Amino acid sequence: MEKKIKGGKCAACNVQTCNVQPRDPRFSHIKPAPRTLHNNFLVIREILVILSPLSYQIIKILTSLFLEFLARLSFLHTPLFSVQTASLLLNMAGKLMHAVQYDSYGGGAAGLKHVEVPVPTPKKDEVLIKLEATSLNPVDWKIQKGILRPLMPRKFPHIPGTDVAGEVLEVGPGVKNFKTGDKIVAMLSHATGGGLAEFAVAKESLTVARPAEVSAAEGAGLPVAGLTAHQALTQSVGIKLDGSGKQANILITAASGGVGHYAVQLAKLGNIHVTATCGARNIEFVKSLGADEVLDYKTPEGAALNSPSGRKYDAVIHCATGIPWSTFEPNLSENGKVIDITPGVNAMLTFALKKLTFSKKQLVPLLMVPKAENLDYLVKQVKEGKLKTVIDSKHPLSKAEDAWAKSIAGHATGKVIVEP
Ligand SMILES: NC(=O)c1ccc[n+]([C@@H]2O[C@H](COP(=O)([O-])OP(=O)(O)OC[C@H]3O[C@@H](n4cnc5c(N)ncnc54)[C@H](OP(=O)(O)O)[C@@H]3O)[C@@H](O)[C@H]2O)c1
């Protein structure tokens, strides 16, 4: 029976611009529906409605088939990646991981909670890392204290920790330089953290290769502390780490800590005369790093920062806190400067005053800006045995609060490491 068409509307579907093909002679008087955005959207929506209950299952099945294929390649000794990695990948879909997080400011070690959360997914230009080690820095617990609120952390709950080493498990779209199975060192963002966990995602731009000679703990120690020491010496003071620059005398305070112990070793690579301060128990340790003169900061000479050999300092890499400008000033050479890595209000006022008065002696506040090329340089120095990460203590992730308390106490010798 012939369908009736009224006033341009199709009696079958009651739509002004009917989708029935005009090739059908019965509807040849009706123009085909224009391919408007709206029409396309309706078609896509129809497809999605039909597929949505199936799509999750389909994707899951395809993913596991693909992963099984990769795993079988590995079992057949195809050097794609390790058998352990392959079987881990097989178990990754929808997997939860152990992590340590806090959900408000304050609380110290007692504020940390052990949780199970989904393994993160690498987005564009990110890599998913199976973590082997994470090192802590004072800034981690300072963010928990709220010194950078409201900027950091970006949201609660927050998994702290930025300095990580491990193995790449998966790469996001656009990642060019890494593949599954690569051993790496990476720095995560302070705002988003993620290091106190079994897995983390890192930007490719702050991830570097880790050679077999560099252990995960040695690599994880490097990002914040190593990069700060590197930036202070090379950028703020202008020291050439290949030793080709001019001779200089520098003082490094808190030379036994994370930043200080790297700073002493890097300065010696640059052929610089190093005076260092530390506690009595660490004097031999700091000498072993290469320091030429070491002061116990609890003695009068140490507190006055006087060089035992009477030298004036061309620069101070100030890694301790609470030393006033008036203590530094008489120990500086004519154009000496203090690079303050923990500048407080007084330091900022001194910085401004010295700038405004065109003083030859300057105080320079430093905020570390991470660069992959510098991290890569540090990893290579460790590989070549020219730089070492001294490990204060290692703690399992299940006891991360002990590591946290150790860092807060402020008496670490070298780096505090957490291992999943
Ligand atoms: N601006 C930036 O971008 C940046 C980057 C990294 C770090 N920082 C800051 O730099 C500071 C140092 O960081 P870190 O990782 O090296 O800390 P850390 O590893 O916790 O430092 C601990 C070490 O400092 C020693 N120490 C403490 N007070 C001292 C003093 N008055 N004189 C000499 N030694 C002293 C301790 O020795 P004893 O046990 O003998 O007391 C201990 O060995 C922190 O405030 C941190 O937040 C800033």
Side-chain angles (χ1 to χ4, degrees), residues 63 66-100 117-136 159 161-189 192-223 226 372 375-376 378-380 382-383 389 391 394-398 400 415 417-420:
T63 308
F66 179 62
L67 291 177
E68 193 169 337
F69 168 66
L70 293 181
R72 280 185 202 290
L73 282 182
S74 293
F75 291 134
L76 289 171
H77 306 295
T78 304
L80 205 56
F81 46 76
S82 70
V83 173
Q84 292 94 320
T85 307
S87 46
L88 229 171
L89 273 168
L90 272 173
N91 294 324
M92 285 300 291
K95 194 176 156 125
L96 295 178
M97 64 174 184
H98 293 287
V100 174
V117 293
V119 173
T121 306
K123 299 194 196 80
K124 189 173 179 313
D125 301 328
E126 287 181 343
V127 294
L128 172 67
I129 307 163
K130 182 184 181 304
L131 297 180
E132 292 167 23
T134 298
S135 86
L136 295 184
I159 300 173
T162 58
D163 294 7
V164 299
E167 182 177 317
V168 173
L169 206 54
E170 201 182 323
V171 298
V175 170
K176 293 185 191 74
N177 300 319
F178 298 98
K179 60 181 186 323
T180 302
D182 285 351
K183 298 283 188 183
I184 54 89
V185 175
M187 186 177 155
L188 315 179
S189 131
T192 50
L196 287 187
E198 291 179 284
F199 303 89
V201 286
K203 295 263 177 233
E204 181 186 22
S205 57
L206 279 180
T207 300
V208 301
R210 174 167 59 92
E213 296 85 347
V214 181
S215 74
E218 289 170 323
L222 291 169
L375 186 55
D376 190 48
L378 295 173
V379 171
K380 287 193 172 120
V382 175
K383 179 193 167 192
T389 295
I391 295 169
K394 284 185 180 176
H395 308 258
L397 184 63
S398 59
K415 296 297 300 178
I417 303 288
V418 177
E419 293 175 325

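Scope of the values below: all heavy atoms of this structure, side chains included, with no hydrogens, waters or symmetry mates. Predicted, not measured: the structure shown is a model, and the values here were computed from it.
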Steps toward side-chain contact (heavy atoms from CB on, under 4.5 Å) verdict (I129, V201):
CA-CA 6 Å; I129 307 163; V201 286; over 6 Å; no

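- Residue-environment remark: NZ (K203) stays at or below the threshold of 12 foreign heavy atoms within 6.0 Å.
- For the residue pair A372 and S205, the shortest heavy atom distance occurs at CB-O, 3.2 Å.
- Atom NZ of K383 and atom CG of D376 lie 10.5 Å apart (nearest 0.5 Å).
- Atoms CD1 and CD, from I417 and E132 in turn, are 12.5 Å apart once rounded to the nearest 0.5 Å.
- When every heavy atom of A400 is checked against every heavy atom of V418, the shortest pair comes out as CB-CG1, 4.5 Å.
- Residues T162 and V164 fail the side-chain proximity criterion, which asks for heavy atoms closer than 4.5 Å.
- The side-chain heavy atoms of V168 and L128, taken from C-beta on, include no pair separated by under 4.5 Å.
- The shortest distance between side-chain heavy atoms of P120 and M97 falls below 4.5 Å.
- Rounding to the nearest 0.5 angstrom, the gap separating the CG atom in L196 from the CD1 atom in I159 is 8.5 Å.
- Rounding to the nearest 0.5 angstrom, the gap separating the CD atom in E198 from the CG atom in L131 is 9.0 Å.
- With hydrogens and angles left out, the side-chain atoms of S215 and E218 include a donor and acceptor closer than 3.5 Å.
- Between P122 and P173 the shortest heavy-atom distance is O-CD, 4.4 Å.
- Although no hydrogens or angles enter the test, the distance criterion places no donor-acceptor pair under 3.5 Å between the side chain of R210 and the main chain of V379.
- Across A133 and P420, no two heavy atoms sit closer than the pair N-CD, 4.1 Å.
- The distance from the CZ atom of F178 to the CD atom of E167 is 13.0 Å, given to the nearest 0.5 Å.
- Rounding to the nearest 0.5 Å places CG of L206 at 8.0 Å from CG of L375.
- Closest heavy-atom contact between G194 and L188: C-CD1, 3.7 Å.
- A donor-acceptor distance shorter than 3.5 angstrom exists from the side chain of E204 to the backbone of K176, with no hydrogens or angles considered.
- Counting only distance, with no hydrogens or angles, the side chain of S135 and the backbone of K415 share no donor-acceptor pair below 3.5 Å.
- The two residues E126 and V175 come nearest to each other via the heavy atoms O-CG2, 3.3 Å.
- Put simply, the side chain of V127 does not reach to within 4.5 Å of the side chain of I184, judged on heavy atoms.
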Between L96 and V119, is a side-chain contact (heavy atoms from CB on, under 4.5 Å) present by the stated rule, with each step listed?
CA-CA 6 Å; L96 295 178; V119 173; over 6 Å; no

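- Judged by distance alone, the side chain of T389 and the main-chain N or O of G221 form no donor-acceptor pair under 3.5 Å.
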